[in-house]
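Here the structure comes first, spelled out in structure tokens, and everything after it is commentary.
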Amino acid sequence: MTKFKNIVVIGLGYIGLPTAAMFASSGIKVLGVDVNHEVVDTINKGDIHIVENGLKQLVSEVVNSGNLLASTSPSTADAFVISVPTPLLNNKTSTMPEPDLRFIYEAIKSISKYLKPGNLIVLESTSPVGTTEKMADWISKFRPDLILPEKDQNRGLESISIAYCPERVLPGNIINELIHNDRVIGGITTNCGLLAEDLYKVFLKGDCTITDSKTAEMVKLTENSSRDVQIAFANELSLICDENGIDVLNLIKIANKHPRVNILKPGAGVGGHCIAVDPWFIVHKNPNHANLIKTAREVNNSKPIWVIKKVDELLENYFNKNPNKDRADIKICCYGLSFKPDIDDLRESPALFITRELAKKYRNNVFAIEPNIEYLEGEDFELVEFPPAGTLISLILVNHSDFHNKTIKSDILLDLHGIVL
Ligand code: SAJ
């Protein structure tokens with residue numbers, strides 16, 4: 001039997017909402033808080049504002065049972081879970097984007113007046129090393145009356161417990177991974193970590209590893225940076241192979257037959273709000289040592305630009321070989337817009353970036369096929385169901401299962417994933 005009877009979850013996005021729903025489905029009264037009125041209204045109707053397998057059903061059940069209620073402001077509770085965005089400032093313009101912790105600060109400010117002795121506060125948002133301790137400093141500023149935990153000291157006097165427990169779930173499979181993935185918990189003290197473990201164990205079937213908050217923060221950043229570096233290696237290989245006239249996908253397949261080699265897949269670049277962002281938190285804090293991590297970010301960021309240049313090069317070669325063809329009659333069809341296969345999420349999508357840039361260059365001649373999105377407005381390209389007649393160049397940008405083994409008719413094909421016929 002858990003001691004947590006009611007909790008507040010701040011931030012009802014891709015992670016906060018499924019987490020709130022999981023706590024609610026385990027019998028805890030959950031108040032989900034979001035600054036967006038529309039999001040709050042949608043959830044209170046038992047509906048959801050994001051696409052995620054099984055989530056609509058779960059939210060509808062817990063709202064109907066009365067265990068999940070959404071609101072724009074918090075209340076008192078036994079525990080507070082913070083799951084708000086931690087974006088980058090100047091991501092597009094700077095060579096050293098800076099983490100933006102303002103949403104965590106605002107969340108702490110908003111709950112501070114509701115805190116009472118015995119409360120647990122857990123941060124879930126991916127954050128730079130030291131953020132959990134910073135959160136404790138902010139709380140002590142807002143509520144000097146509370147006794148806060150001090151690093152590595154289990155004094156038994158603390159009235160508030162604070163821990164970091166990063167989410168590790170994969171979009172598309174969030175509910176299953178919330179239940180089964182192991183979690184890392186970083187307490188400001190060990191007692192804080194143990195208390196947070198008690199909270200998550202209400203629905204968690206995976207194991208919890210308890211450590212200090214800085215280690216847990218760095219574990220999360222390490223996981224995503226490790227994937228970014230590995231994808232960058234694959235993307236770099238794809239450029240080297242292209243220059244040498246070698247099929248990179250075949251090369252990787254053969255190299256991966258070695259028992260200790262496991263190269264990931266090259267693609268259009270790295271998108272989403274996690275892997276394309278989190279490594280910067282390390283680079284920004286440790287610029288003198290994070291050379292490989294920074295370079296990986298740069299390699300992955302430059303891949304979409306390489307794809308655009310490649311299209312120009314392929315078209316130039318085509319017209320040089322076919323001088324009688326009309327250069328004004330270029331129809332480009334882009335297959336896939338989302339940031340990864342089989343989802344509808346366009347956040348930081350390299351495929352969308354490529355399509356938009358091509359549409360600026362080749363006005364009225366760019367078409368996109370995205371099986372997971374029905375409608376898109378305000379774009380310079382046209383969303384179509386089938387490739388337009390007379391397509392000159394087809395670009396396979398996203399490895400959607402819908403495209404696998406499809407026969408594509410066009411004079412030029414750039415298949416980044418080697419999936420079409
Ligand atoms: N990608 C490649 N090649 C690959 C694998 C991925 O180009 O071989 C690209 C994808 O197309 C996509 C990007 O990388 O654009 C990121 O996709 P992903 O599936 O690797 O990861 P995310 O961003 O959906 O989720 C990651 C996960 N982290 C790890 O696998 C280490 C997830 O577990 C985290 O919870 C999530 O980030 C997060 O929220 O931090």
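First listed ligand is number 1; within each ligand, the first listed atom is number 1. Start at 1 with the first residue, then count along the sequence.
Judged by distance alone, the side chains of Ser394 and Ser410 do bring a donor and an acceptor atom under 3.5 Å apart.
A heavy-atom cutoff of 4.0 Å around ligand 1 is satisfied by the protein residues Glu167, Arg168, Val169, Leu170, Pro171, Lys220, Glu223, Asn224, Arg227, Ile231, Leu264, Lys265, Gly269, Val270, Gly271, Cys274, Ile275, Asp278, Phe339, Lys340.
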| request: Give the C-alpha distance, both sets of side-chain angles, the deciding distance and a yes or no for side chain to side chain donor-acceptor pair (under 3.5 Å) between Ser226 and Gln230. | output: CA-CA 6 Å; Ser226 149; Gln230 291 179 59; 3.1 Å; yes

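Looking at residues two or more places apart in sequence or on another chain, you find no salt bridge (charged side-chain N to carboxylate O under 4.0 Å, His left out) involving Asp415. Looking at residues two or more places apart in sequence or on another chain, you find a salt bridge (charged side-chain N to carboxylate O under 4.0 Å, His left out) between Lys361 and Asp312.
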Contacts under 3.5 angstrom, residues 199-208 side chains, donor-acceptor by atom type, not counting sequence neighbours:
from, atom 1, to, atom 2, distance (Å)
Tyr200, OH, Glu124, OE2, 2.7
Lys201, NZ, Gly206, O, 2.8

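Between Ile174 and Tyr14 the shortest heavy-atom distance is CD1-O, 3.3 Å.
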